[in-house]
Amino acid sequence: MTDPAAGASSPRPQALPVDDLADFAASDAAEGITFLNEVAARFPDAISFAAGRPHEGFMSLDDIGRDLQTYRSWLQDRGVRDDEARARVLQYGPATGIVNDVIVEHLAKDEGIAVRPDAVLLTNGAAEALWLTLATVLRPERDDLLVVAPNYPGVWGAAESLGLVTRPAPADEDLGRSLESAAQLSFQAGRRPRAVYLSSDSGNPTGVSLTERQRSEVLGVARDLDLVVIEDNPYSLVAGPADRRPSLKELDPDGAVVRLGSFSKTIFPGLRVGYAVADRLVQRSDGTTETLATTMSRLKAMVSVNTSPVAQACVAGRLISNGLSLRHANSAVAQTYRRNRTAMVEALRRRLSDIDGVSWMTPDSGFFLQLDTTFDLGDDELLRSAEEFGVLWTPLRHFYGAHPAPAGMRLSYSFTDPDEIDRGVERLARFLTETSTNTKESHVG
């Protein structure tokens, strides 16, 4: 053994074989998201239709101080002393959250959802809310997660990190039958379909919302199979009034739906505040009952202790200053997204209509549009698009996890303006024209 006192350097430890780490360390989901982030950083001058960022034109650093002061005044009006307010906002706080009462009033006003404060868990973004829900509700050794596909890449990664089996259910018109077919695969494997994850409004990547019939079918299948419905709905409050549909949680009389929400799209992402509404009762071993949100909070306490009370106070202040309605507060930004959606659809129609093998879905609202192709578009093609044509997008395969995926891409129009959208689509048209032509020539050869 080398004597440290002799001044000789200790041998460096050997590199850890990735096979000795958790499976997720080398998974396609983890590497795929890392690749997408790296491509965006490598090509800062490219026009990006990749990242689903909210528009920055409505964000201001000055708002943070005002939001905090609004919340402080709100506490003072309710008899909370300054020393108590200081401890509430600046100290460690309860894992469940410190502004649950404000969130409950907001949900009732904007979403028609009536729950108690103990049914709401404040989280570090909706991504943590999703992970905590999956980790609490499903047991990997026996339970499967049905995922309405295509869908948010994070759900596939979160499920994989927890060792969960996922069963994709295509988001077609007959969604009830699609879910039943996916559930049957679980039963045939001797497993139990336990939960279904979906986005009900302005889905990612399609931008399309579930119809009223589809919403009814989801709740019907959930009742028949005793499924927990995990409804991720971050875009509903940036849609226009005409796009308003009742959420699954609003239609849920039995507590079957866990509603995930985020303030990243409605206030700003840097807050990293999300939430889970989970009012279904859990019977504990001692015979007492509690809400599922309370059960989930115990896992959160071990994973992240709590959600930043300062960020929560900013959220509460913004809600209070807008009469607890973010639907009202986001009316101007919703108009911007509708403007951008129109600009994107019109630019695609002008520039892509004559390209063989290319079609697209017109989004209802939100941030995204799905473009389908008859030729492959993967990470290699994205890299070439960035290097040679100066335009970024996201391959559609990332929205299917490790499952087979159709060819295509997601285009995000939320962060850009109409002129930049037009320039980006012109670049995209040149890329797709060349790719389509090369594909046809290779098939002929």
Side-chain angles (χ1 to χ4, degrees), residues 52-75 77-78 97-115 117 119-120 122 125-126 129 199-203 207 209 231-251 259-277 311-342 363-368 413-415:
R53 291 183 171 188
H55 201 282
E56 291 180 359
F58 297 87
M59 301 179 191
S60 171
L61 289 170
D62 296 334
D63 289 339
I64 298 173
R66 284 193 291 269
D67 291 337
L68 287 172
Q69 184 57 49
T70 297
Y71 182 61
R72 181 182 185 182
S73 299
W74 185 83
L75 291 176
D77 291 343
R78 281 149 184 77
I98 67 166
V99 298
N100 305 52
D101 49 351
V102 178
I103 303 301
V104 163
E105 292 188 51
H106 153 62
L107 289 169
K109 187 157 193 174
D110 269 343
E111 300 281 350
I113 297 172
V115 291
V120 177
L122 275 297
S199 300
S200 51
D201 293 299
S202 308
S209 302
E231 179 187 25
D232 198 353
N233 213 8
Y235 304 102
S236 63
L237 296 184
V238 292
D243 301 315
R244 166 86 166 104
R245 293 183 176 94
S247 69
L248 292 172
K249 188 61 186 171
E250 187 177 347
L251 298 170
R259 166 73 152 80
L260 308 183
S262 170
F263 295 103
S264 293
K265 310 301 187 292
T266 52
I267 301 181
F268 57 86
L271 287 169
R272 304 309 307 133
V273 177
Y275 60 86
V277 180
Q312 291 184 61
C314 285
V315 167
R318 184 67 62 90
L319 287 168
I320 292 164
S321 64
N322 285 281
L324 301 171
S325 174
L326 285 181
R327 194 176 297 280
H328 167 74
N330 280 279
S331 58
V333 71
Q335 289 180 347
T336 296
Y337 295 139
R338 289 197 297 276
R339 177 203 69 183
N340 287 2
R341 175 190 60 183
T342 299
D364 297 317
S365 57
F367 285 21
F368 308 116
Y413 53 78
S414 58
F415 189 70

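Aromatic ring centres of Y235 and F368 lie closer together than 6.0 Å.
A donor-acceptor pair is defined here as one N or O able to donate and one able to accept, closer than 3.5 Å; such a pair exists between the side chain of S414 and the backbone of R53. Between the side chain of E231 and the backbone N or O of S200 there is no donor-acceptor pair closer than 3.5 Å. Panel note: side chain K265, backbone G52; no donor-acceptor pair is recorded below 3.5 Å. Looking at S209, its side chain does come within 3.5 Å of a backbone N or O of S202 through a donor-acceptor pair.
Sorted by first and then second residue, the salt bridge (Lys or Arg N to Asp or Glu O under 4.0 Å) pairs involving residues 314-324 (not counting sequence neighbours) are D63-R318, D67-R318.
Taking 4.5 Å as the limit, every side-chain heavy atom of P234 sits out of range of all side-chain heavy atoms of S264. In this structure, P363 and Y413 have side chains that are in contact, with non-hydrogen atoms separated by less than 4.5 Å. Using a 4.5 Å heavy-atom threshold, the side chains of N330 and Y337 count as separate. Counting heavy atoms from C-beta on, the side chains of R327 and E111 come closer than 4.5 Å.
Considering every non-hydrogen atom in both L271 and I267, the closest pair reads CD1-CG2, 3.5 Å. Between N100 and V120, the shortest heavy-atom contact is ND2-O, 2.7 Å. Of all heavy-atom pairs spanning I98 and Q312, the tightest one is N-OE1, 2.8 Å. In this structure, M59 and P54 approach most closely via the heavy-atom pair CE-CG, 3.6 Å. Heavy-atom minimum distance, Y275 versus R259: OH-NH1, 3.7 Å. Taking both residues in full, the closest heavy atoms of G97 and L122 are given as CA-CB, 4.0 Å, listed atom of the first, atom of the second, then distance.
Under the 3.5 Å distance criterion, with hydrogens and angles disregarded, no donor-acceptor pair is assigned to the side chains of S199 and D232. Between Q69 and S73, the side chains place a donor N or O and an acceptor N or O closer than 3.5 Å (distance only, hydrogens not considered).
Under the side-chain contact (heavy atoms from CB on, under 4.5 Å) criterion, T336 pairs with H55, F58, R339, N340, not counting sequence neighbours.
Note that OG of S247 and CG of L107 are 9.0 Å apart. Values are rounded to the nearest 0.5 Å. In this structure, H106 NE2 and T266 OG1 are separated by 6.5 Å, a value rounded to the nearest 0.5 Å. Atom CG in L75 sits 7.5 Å away from atom CD1 in I320 (nearest 0.5 Å). Of the inter-residue distances, the one linking S262 atom OG with N233 atom CG reads 11.0 Å to the nearest 0.5 angstrom. With rounding to the nearest 0.5 angstrom, the CG atom of L237 is 8.5 Å from the CZ atom of R244. If you take CZ on R66 and CG on L68, they are separated by 11.5 Å, rounding to the nearest 0.5 Å.
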For this session: Decide yes or no on side-chain contact (heavy atoms from CB on, under 4.5 Å) for I103 and V315, but give the supporting numbers first.
Result: CA-CA 9 Å; I103 303 301; V315 167; 4.2 Å; yes
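Environment of CZ in R245: crowded, with over 12 heavy atoms of neighbouring residues, nucleotides or ligands closer than 6.0 Å.
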